[in-house]
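Basis for what follows: all heavy atoms, side chains included, without hydrogens, waters or symmetry-related copies. What you see is a predicted model; the values in this text were computed from it and never measured. Numbering of residues begins at 1 and proceeds along the displayed sequence.
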Amino acid sequence: MPFIPHTEDDIRSMLATIGVDAIDDLFDEIDPSLRDVRLDSIPERASEQAVTRLMGERAARDAGGLCFIGAGAYEHHIPAAVWELTTRGEFYSAYTPYQPEASQGTLQVVYEYQTMMTGLTGMDVANASLYDGASALAEAVLMAVRANRRSKSARILMPVSVHPFYRQVAHNICANQGITFETIGYDHATGRIDEAALERWAGEDVTALVIPQPNFFGVLEDVDRLTDWAQDNGALAIGVVNPLSLAVLNEPGRWGAGEGADIVVGEGQPLGAPLASGGPYFGILCCRKKHVRQMPGRVVGRTQDVDGRTGYVLTLQPREQHIRRSKATSNICTNQGLLVTAATIHMSLLGATGLENTAATCIANTRALVARLTAIDGVETVFDGPAFHETVLRLPVDAERALAALAEHGVFGGLSLAEFYDGLDNTVLVCATETKTEADLDTYADALRDVIAAQADAA
């Protein structure tokens, strides 16, 4: 064990004290296939110059091209001021704000972020963020099991129209903690949650229902009916949202005829974070006040000191570092403070009107793109349900080959869904945000028309 300042005699003495022969014996519960990790794909040590060149070449792969891929990470315009301010030293290098007397600026930013997120979602409380949307959903599932004390089943209804990666992460984190995920299919005509599949759980002990809005196909769910169904059946309603969509859609706090959703999660990337080859991003988690004691992460509060001056403090820190391990709600180790700062500045600059205009432009551009693409022979929409700014299209040729050919034309044409869903062969999920112009949409349509014609000729 390198870098640990113990002599061989020290190590032998410690091993003898705890009754094992070798350090490896301490890890015998780990599967040998996981312990025998070889890093054969990692090159030998290289000079700074060589590493810089390698990273530059890899970064260049992401340069250029028109991006029509969404699927949970979206290309939006980010005002220059957002990262000019975010990367100032006092934000960029600020440490975890355990000492409020030295961290008022950082704490205030987080407090302002929480306030904005509760306003956007219509919920009572927001935490100081999680790693990403997928981990936020996993934490929401764990939170729901703790909060819904009437339910003894630890059963979560998980629609397949939730992002596939979110479902995988939630399963990986929660499945070994006695939580059962029950899959709910989708209606193949509308792309919405299958009502018949949901009704078979009516009257059963269900802990929570996950409600995506919009769902992975870009389709808008009947969130009012789904929320009412959850509450009528004693289940909590967990909303999975795109925060930008909430500028034009009904906020989760007002879903249904009752109190609305219980917990709301989502990916914060659309709020000021660049695509950046997949991250870093940050997760959103909001809830009703009655569930706040079960919320993971941190909550910053505003108060006054003895002289009446405003001050900001960490109000709740429910992780194992701060309270007994058996009582901790989460072992989440940090919040994505830098990304939260960017999101706070981004929302401040755009304001409610700017966010609404951005969302509306995204919707208009996607509709215009779909109109252009479906004018091509053989291209058709798959679902007829209302959508936000993504749509599933079926191509008359192999979708994987078509996307590869489009990339050679400088167009990143969407995501093939065949890998994730049976019955969606030769389908692509396409997205057009406010960054796309009429010329960009024409470029995509012209390129796809050429690609389809070339593949048809080759066949």
Side-chain angles (χ1 to χ4, degrees), residues 117-127 133 136-162 166-167 170 174 178-187 190 192-216 219-243 245-246 249-266 284-296 329 385-386:
M117 290 313 306
T118 55
L120 200 59
T121 62
M123 304 301 286
D124 298 324
V125 187
N127 75 357
L137 176 57
E139 290 286 353
V141 167
L142 295 172
M143 180 178 170
V145 171
R146 295 190 300 268
N148 191 351
R149 298 184 178 180
R150 292 175 298 177
S151 173
K152 306 303 181 184
S153 67
R155 179 183 289 136
I156 308 297
L157 301 187
M158 180 69 77
V160 296
S161 56
V162 172
Y166 286 31
R167 289 186 278 123
C174 302
I179 295 173
T180 302
F181 291 96
E182 303 292 352
T183 300
I184 304 296
Y186 66 93
D187 184 285
T190 65
R192 287 180 165 184
I193 292 173
D194 186 344
E195 294 186 12
L198 181 62
E199 282 304 319
R200 69 179 290 263
W201 294 102
E204 298 288 330
D205 182 359
V206 173
T207 303
L209 169 65
V210 178
I211 306 173
Q213 180 72 336
N215 66 27
F216 185 64
V219 174
L220 301 181
E221 299 282 0
D222 186 351
V223 294
D224 293 331
R225 191 191 68 79
L226 294 170
T227 302
D228 288 341
W229 185 96
Q231 294 175 351
D232 291 342
N233 286 274
L236 299 188
I238 301 175
V240 181
V241 301
N242 178 334
S245 74
L246 299 180
L249 300 179
N250 202 16
E251 61 263 42
R254 296 174 57 192
W255 289 355
E259 296 182 343
D262 293 280
I263 306 170
V264 177
V265 300
I284 297 165
L285 195 152
C286 306
C287 71
R288 291 285 174 201
K289 185 177 180 180
K290 63 184 178 182
H291 302 315
V292 69
R293 288 290 178 181
Q294 303 300 331
M295 176 177 274
T329 62

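- With Glu221 as the partner, the side-chain contact (heavy atoms from CB on, under 4.5 Å) test is satisfied by one option alone out of Asn215, Thr190, Thr227: Asn215.
- Judged by distance alone, with hydrogens and angles left aside, the side-chain atoms of Arg167 form a donor-acceptor pair with the main-chain N or O of Val162 at under 3.5 Å.
- With hydrogens and angles ignored, the 3.5 Å screen pairs no side-chain donor or acceptor of Lys290 with any backbone N or O of Cys287.
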task = For Arg225 and Glu195, run side chain to side chain contact (heavy atoms under 4.5 Å, CB included): C-alpha distance rounded to whole Å, both residues' side-chain angles, the deciding distance at 0.1 Å, then the answer.
result = CA-CA 10 Å; Arg225 191 191 68 79; Glu195 294 186 12; 3.2 Å; yes

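- With hydrogens and angles ignored, the 3.5 Å screen pairs no side-chain donor or acceptor of Arg155 with any backbone N or O of Thr180.
- The closest side-chain heavy-atom distance from Leu220 to Leu249 is below 4.5 Å.
- Counting heavy atoms from C-beta on, the side chains of Pro212 and Tyr166 never come closer than 4.5 Å.
- Taken from CD in Glu251 to SG in Cys286, the straight-line distance is 12.0 Å, to the nearest 0.5 Å.
- Under the 4.5 Å side-chain criterion, counting only non-hydrogen atoms from C-beta, Ile179 is in contact with Ile156.
- Not a single donor-acceptor pair under 3.5 Å links the side chain of Asn233 to the backbone N or O of Ala235.
- Residues Val241 and Leu120 have side chains not in contact (no heavy-atom distance under 4.5 Å, counting atoms from C-beta outward).
- Nearest heavy-atom pair, Leu209 versus Leu226, reported as atom, atom and distance to 0.1 Å: CD2-O, 3.7 Å.
- By the 4.5 Å heavy-atom criterion applied to side chains, Phe181 and Val210 are not counted as neighbours.
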| Under the side chain to side chain contact (heavy atoms under 4.5 Å, CB included) criterion, do Thr118 and Asp124 qualify, and how do the steps go? | CA-CA 6 Å; Thr118 55; Asp124 298 324; over 6 Å; no

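- For the pair Gln231 (side chain) and Gly260 (backbone), a donor-acceptor distance under 3.5 Å is present.
- Inter-residue side-chain proximity for Ile284 and Val265 is flagged as unmet; no heavy-atom pair is nearer than 4.5 Å.
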(Q) One pair to check against side chain to side chain contact (heavy atoms under 4.5 Å, CB included): Ile184 and Val160. What are the steps and the verdict? (A) CA-CA 6 Å; Ile184 304 296; Val160 296; over 6 Å; no

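- Applying the salt bridge (Lys or Arg N to Asp or Glu O under 4.0 Å) definition to pairs two or more places apart or across chains, none involves residues 198-211.
- Side chain of Asp228 to backbone of Ala257: a donor-acceptor contact under 3.5 angstrom is found.
- The number of heavy-atom neighbours closer than 6.0 Å to CZ of Arg254, taken from other residues, nucleotides and ligands shown, is 12 or below.
- Applying the side chain to side chain donor-acceptor pair (under 3.5 Å) criterion to Asn127, with sequence neighbours excluded, gives no partner residue.
- Taking each heavy atom of Ala147 and Leu236 in turn, the nearest pair found is CB-CD1, 4.0 Å.
- The backbone N or O of Tyr186 lies less than 3.5 Å from no partner atom in the side chain of Asp194, so there is not a single donor-acceptor pair.
- The shortest heavy-atom contact between Ala154 and Gly178 is CB-O, 3.5 Å.
- In this structure, the side chains of Met143 and Ile263 come closer than 4.5 Å at one or more pairs of heavy atoms.
- The shortest non-hydrogen separation linking Arg146 to Arg149 is O-CG, 3.7 Å.
- Formation of a donor-acceptor pair under 3.5 Å by the Asp187 side chain with backbone atoms of Arg192 is not found in this model.
- Distance alone, capped at 3.5 Å, is enough to place a donor-acceptor pair between the Asn148 side chain and the Gly234 backbone.
- Nearest heavy atom pair, residue Ala144 against residue Ile238, reads CB-CD1, 4.0 Å.
- In terms of heavy atoms, Ala261 sits closest to Met123 at O-CE, 3.1 Å.
- Within the 4.5 Å cutoff, no side-chain heavy atoms of Ile211 are placed close to those of Val240.
- A donor-acceptor distance shorter than 3.5 angstrom exists from the side chain of Trp255 to the backbone of Asn250, with no hydrogens or angles considered.
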Derivation and outcome, side chain to side chain contact (heavy atoms under 4.5 Å, CB included), residues Met158 and Glu182 = CA-CA 6 Å; Met158 180 69 77; Glu182 303 292 352; over 6 Å; no

